[in-house]
Every structure is written in C-alpha cells, then in structure tokens.
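Starting from 1, each residue takes its place in the sequence as its number.
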Amino acid sequence: MNKKELRNMKLLEATDELIKLAKEDVPVRDKGYYTEQLIYPRGLYLRAEVENNILKVAFYLAEYLSMDCRKPVYTLYIDKKNDVFKGYDYRTKKWSESMLDKTIFSKWLYQENSYMKEADTTLIQKYLESEYDDAFYALYVYQREQRHRRLGMKYEKILTNWDQCMDRLPEVPKDWLRWQKKVGLTQNFIFYHYSRRKDQTGYCSWCESEVPISHPHHNAVGHCPKCRHQIQYKALGRAKSIKTKKETAYLLQTCGKNVFVLREFQLQMLIVSSSYKKPVYSFFERRRILYDEKLNTEEYYFGRHHWTKENRWIQGKLQVPLYPGYGGYMTYEKYNMGNIYGKSLYGIKNRTFRKTGFHEYAKVKRFLDPVSFLKWLKKDLIWNGSLKQDFIISQKTLWIIKHRFIVEIPETLEKHWELTGSA
C-alpha cells in the first residue's frame, strides 16, 4: 500500500451517535491493591468503510469522544487482495505495522465490550470473509493469519536455500558403514559362557567369530588372540545388555570448488545377551560444517525446526540443555575428540587445507578435534601462500605453528619426509 494514497483517503470522523454514546459511557473507579484507576464500561468505539477496495477501520477512545473530539486515535488499513495491512497512529503521527495485540487496544481483544454498528460489523465480516461475531477480534485474526502466511513464504525461501546447499554434498564412501563398525567404535567385547575349564572359546564382537580364551573374568580387559584388538570380557549369564558410550567420528569430503565439508557422526552400539552375535548399531549424523578457501565456516545441524515442526538440516550451531533432564537454559554443544576417516583426506581439493598440516596431524594422532584445529589456524595464521614454511620439524616432534598441537612423529614418517621432501 502506498502511504501517499492512504493519506489522501477520506478521514473517518466520529458520528454524533458515537459522541452521544461516549458521553453516556461514564467511567467507574476500580480500587486495586496498590492503585486506583478509571475503567470505562465500553471505552472503545469503531467505524468501518471500504474505499478503493481497501478496508478502513477507525478506532476512537471514550475519553476523547466525550470531549467532542471527532478525530480517530488510530486507523487501520487492510488490502485483502494484496494481503497487506498498515496502521496510522494520530497521536505519534507515525505509520505502524504492529498487530492489534501490540497496541493500546489489546485489552479489548477478549473483553468483547467495544462498540460498532451492526452495518459496520457486517461490512468487516464480508470483506474479510470472517465468521467471528466480534469484528474487532476478526481484525486481529486476519492480522495473525496474514503474518503466518508471510512467515511461511519467508521460511520457504530459507529452507529451499538450505536444501540446495545440502544436496551438493557427496554420498558417504562405500566402506563407510564398515569403517564405523570396525574403526569408529572402539569398544569391543568377548562373550563367553561361564565354565571352570581352563581352555574354552568366546565370541569376539570385532572378529565376529569364536576365538580361544583362557581364564576369563567378567569385565576384565584384555586383547583378542585373533585380531589383537583391546576387548572386555562379558559373561553371558551376568551381562543382560550392553550399551556402549557415544563416540564421535568425522568425515571430510570435497563439496564444490575449493569447498570441503566436515561431517560429524555419533556412534553407539547396543548388544543384548540373548542375541549377542547380532548387535544393534546407531550411526547418527548431527552436524555438517562447510569450509571455503579462507576457512570461513557455514554450520548446519540436524534437529527439529520450529516452523515446519519436522526434523531436518538447520543452519546454525547446535544447542543442548545446560542441565540435561531439567530443561531451562541452553548452551552450545562442544566439539568432541573423535576418529577421522583417513582415506578421504587426500581427496580434499581445497588449496588452503593442503597447507594446514592437517594430514600430518591426523596421521600421528588417532583422536582429534578438527573443528578446533581449523578454527585456531584461521584465527592465528596470516595466509601467505606458503603455509608449510611455518612448520618446524624436529627429530621426534612436530611443532605446529606454536605449542598447542604437539604430537610425536614415528621414525618411519620422518624418513618418508626426508625422502620425498613433503615436509
């Protein structure tokens, strides 16, 4: 709606009937606990008119009408064809797009004691196609539904952009499921039946086969004689069900030109003693972080959107309850140390990422926090095109830029650098 056209419209002044009713509307003194105030039996009067297919609704207060003031306090303009509304406050001389519940007339929304002629009420109901008998409440319902439609259009554009960004992500590697089971999950078990015999067999959850064991003890830690992985013994008569702790795994993938994505997964395993050979796995991807050439981030998390009421990918940082189980305050979820899928590191085509030393860092450290590592590099480094010159390589340690990320280097890796000159 054009404000200039609205100003040129006819001003709805109060009629003699409204002034007469306002003078008869005598306020009553209401004694509160601390203060006293004057309350009008009606207090609010309205008029309506349609001009140039625009509905005009004038609002009058009894305190002004009783002093023969015919000018309205507020006028609401509604253009149903274009689905817009606008108000003008004559006291402040300003335009407003506030809903009626955010104005001084909010207390009349549910009282149903405002006055309007039946002809004006019928006009509003017909124009808005409303079924409410109270015209004032019908105006508020239209404003609420109009805001809902506008927000729906706004979120539809936002969600479309998010979906387009998520559709660019590549599929997970073919062996990703197996990697999560064998490498991502670090807790393994050997299940056995209690027996006094020295030599017996147990079922290894990593090997997925029977292995020979001797003198096992429930909850004791050892190593599988076949795969040599660290395990924990579990007697089938004593362990009814086992739920492993939640572990974190990271997957790095190229996503467009000079853009890569870091995907965070939560891994967990549930084993029931009655079917210990068929564990139930839970692999949940909860965060995705996109990095551009300068390591600027764009973060997404999987959660329930407040508008669509569905679980989907949402741009922003993941928030969790500060005190789980009690509700209340929310806080940002920290990034955990986790395993990283090493095969995809060499396929990252981002030029800046290749100069960060992340490959060397991931080779010698099994559990790491790549988000904090890249964030620290972006904060403290000045990109000069030759970032690897800033790495100081000693005989047994790799000092990355300063002193925060210090890891020991095996001798085989040092020899590899000396031969290839990759350091």
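Taking each heavy atom of P173 and Q253 in turn, the nearest pair found is CD-NE2, 3.9 Å. When all heavy atoms of L252 and S344 are compared, the closest pair comes out as O-OG, 2.7 Å. When every heavy atom of A62 is checked against every heavy atom of Y45, the shortest pair comes out as CB-CE1, 3.8 Å. When all heavy atoms are compared, the tightest approach of A48 to L55 is CB-CD1, 4.4 Å. Shortest non-hydrogen contact noted between L139 and L100 is CB-CD1, 3.8 Å. Minimum interatomic distance between G152 and W307 (heavy atoms only, all atoms of both residues): N-CZ2, 3.4 Å.
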Side-chain donor-acceptor distances from residues 266-284 under 3.5 Å, at least two apart:
from: Q268; atom 1: NE2; to: T244; atom 2: O; distance (Å): 2.9
from: S273; atom 1: OG; to: A239; atom 2: O; distance (Å): 3.4
from: S273; atom 1: OG; to: K240; atom 2: O; distance (Å): 3.0

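For R7, the CZ atom sits in a packed shell: over 12 heavy atoms of surrounding residues, nucleotides or ligands are nearer than 6.0 Å. Applying the 6.0 Å contact sphere to CD of E156 captures no more than 12 heavy atoms from other residues, nucleotides or ligands. The neighbour count for H306 NE2, taken as heavy atoms of other residues, nucleotides or ligands under 6.0 Å away, is above 12. At most 12 heavy atoms of other shown residues, nucleotides or ligands fall within 6.0 angstrom of atom NZ in K317. Within 6.0 Å of CZ in R178 there are 12 or fewer heavy atoms belonging to other residues, nucleotides or ligands. Taking a 6.0 Å sphere around CD of E131, one finds it holds 12 or fewer heavy atoms contributed by other residues, nucleotides or ligands. Heavy-atom contacts from other residues, nucleotides or ligands closer than 6.0 Å to CZ of R29 number 12 or fewer.
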* side-chain hydrogen bond (donor to acceptor under 3.5 Å, both in side chains) between D25 and Y115, worked out -> CA-CA 11 Å; D25 194 4; Y115 176 80; over 6 Å; no
* To do: Begin with the C-alpha distance, continue with both residues' side-chain angles, and end with the deciding distance and a verdict on side-chain hydrogen bond (donor to acceptor under 3.5 Å, both in side chains) for E247 and T186.
  => CA-CA 8 Å; E247 300 185 68; T186 59; 2.5 Å; yes
* Could you go through the side-chain hydrogen bond (donor to acceptor under 3.5 Å, both in side chains) check for H193 and Y203 one step at a time? => CA-CA 10 Å; H193 293 279; Y203 181 83; over 6 Å; no
* Mind running side-chain hydrogen bond (donor to acceptor under 3.5 Å, both in side chains) on Y250 and N336 for me, showing each step along the way? => CA-CA 10 Å; Y250 293 101; N336 301 319; over 6 Å; no
* To do: Please report the C-alpha distance between W162 and I314 in whole Å, then the side-chain angles of each, then the deciding distance to 0.1 Å, and finally whether the side chain to side chain contact (heavy atoms under 4.5 Å, CB included) criterion is met.
  => CA-CA 7 Å; W162 292 353; I314 304 170; 3.7 Å; yes
* Could you please spell out the steps behind the side chain to side chain contact (heavy atoms under 4.5 Å, CB included) verdict for K182 and E208? => CA-CA 11 Å; K182 302 301 182 182; E208 299 181 8; 3.2 Å; yes
* Asked: Can you check ring pair (Phe, Tyr, Trp, His ring centres under 6.0 Å) on Y361 and F373, steps first, answer last?
  -> CA-CA 10 Å; Y361 180 52; F373 180 84; 4.8 Å; yes
* **Criterion side chain to side chain contact (heavy atoms under 4.5 Å, CB included) on W313 and L159, from CA distance to verdict** => CA-CA 9 Å; W313 288 105; L159 298 180; over 6 Å; no
* For H218 and Y194, run ring pair (Phe, Tyr, Trp, His ring centres under 6.0 Å): C-alpha distance rounded to whole Å, both residues' side-chain angles, the deciding distance at 0.1 Å, then the answer. => CA-CA 9 Å; H218 182 67; Y194 177 76; over 10 Å; no
* To do: Mind running side chain to side chain contact (heavy atoms under 4.5 Å, CB included) on C255 and L290 for me, showing each step along the way?
  => CA-CA 8 Å; C255 179; L290 299 174; 4.2 Å; yes
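Within the model, atoms CG of N258 and CD of E293 stand 4.5 Å from one another, a figure rounded to the nearest 0.5 Å. Note: F59 CZ to L44 CG = 7.0 Å, rounded to the nearest 0.5 Å. Taking CZ of R144 as the reference point, atom CZ of R147 lies at 13.0 Å (rounded to 0.5 Å). To the nearest 0.5 Å, atom CZ of residue F265 and atom CD of residue Q180 are 6.0 Å apart. The line from CD of E5 to CE of M9 is 7.0 Å long, rounded to the nearest 0.5 Å. In this structure, the separation between CG on D79 and CZ on F85 is 12.5 Å, given to the nearest 0.5 Å.
You'll find the side chain of R304 reaches within 4.5 Å of the side chain of N311, heavy atoms only. Residues I231 and V221 have side chains not in contact (no heavy-atom distance under 4.5 Å, counting atoms from C-beta outward). Counting only heavy atoms from C-beta outward, the side chains of V183 and N339 approach each other to under 4.5 Å. Between V259 and T254, the closest side-chain pair of non-hydrogen atoms is not below 4.5 Å. Considering only heavy atoms from C-beta on, I340 comes within 4.5 Å of F358 through its side chain. With contacts defined as side-chain heavy-atom distances shorter than 4.5 Å, the pair R150/V84 qualifies. Proximity of Y60 to V73: side-chain heavy atoms (C-beta onward) are nowhere separated by under 4.5 Å. By the 4.5 Å heavy-atom criterion applied to side chains, R287 and Y335 are counted as neighbours.
Under 4.0 Å is where a charged nitrogen must lie from a carboxylate oxygen, and between R288 and E298 no such pair does. A salt bridge does not link D369 with K334: every distance from a Lys NZ or Arg NE/NH1/NH2 to an Asp or Glu carboxylate oxygen is 4.0 Å or more. By the 4.0 Å N-to-carboxylate-O rule, D292 lies too far from K294 to be salt-bridged with it.
Ring-plane geometry between Y90 and Y88 is classed as perpendicular, the angle between the planes exceeding 60 degrees on a 0 to 90 degree scale with a lower cut at 30. Between F353 and F260, the ring-plane angle classifies as tilted under the 30° and 60° cut-offs. In this structure, H359 and Y346 have tilted ring planes: the angle between them lies in the 30° to 60° band. Note on ring orientation: taking the six-membered ring where Trp is involved, the planes of F191 and F189 are tilted (angle from 30° to 60°). Ring geometry for Y77 versus W95: interplanar angle of 30 to 60°, hence tilted.
Side-chain atoms of Y341 and D175 include a donor-acceptor pair closer than 3.5 Å. In summary, the side chains of K86 and S96 do not present any donor paired with an acceptor at a separation below 3.5 Å, with no hydrogens or angles considered. N53 and Y127 form no side-chain donor-acceptor contact under 3.5 Å, judged by distance and modelled atom types alone.
Looking at Q125, its side chain does come within 3.5 Å of a backbone N or O of Y132 through a donor-acceptor pair. Side-chain atoms of N113 come within 3.5 Å of backbone atoms of P41 as a donor-acceptor pair (strictly under, hydrogens ignored). Side chain of S106 to main chain of K102: no donor-acceptor pair is present (N/O by atom type, distance under 3.5 Å, no hydrogens or angles). Counting only distance, with no hydrogens or angles, the side chain of D89 and the backbone of R91 share a donor-acceptor pair below 3.5 Å.
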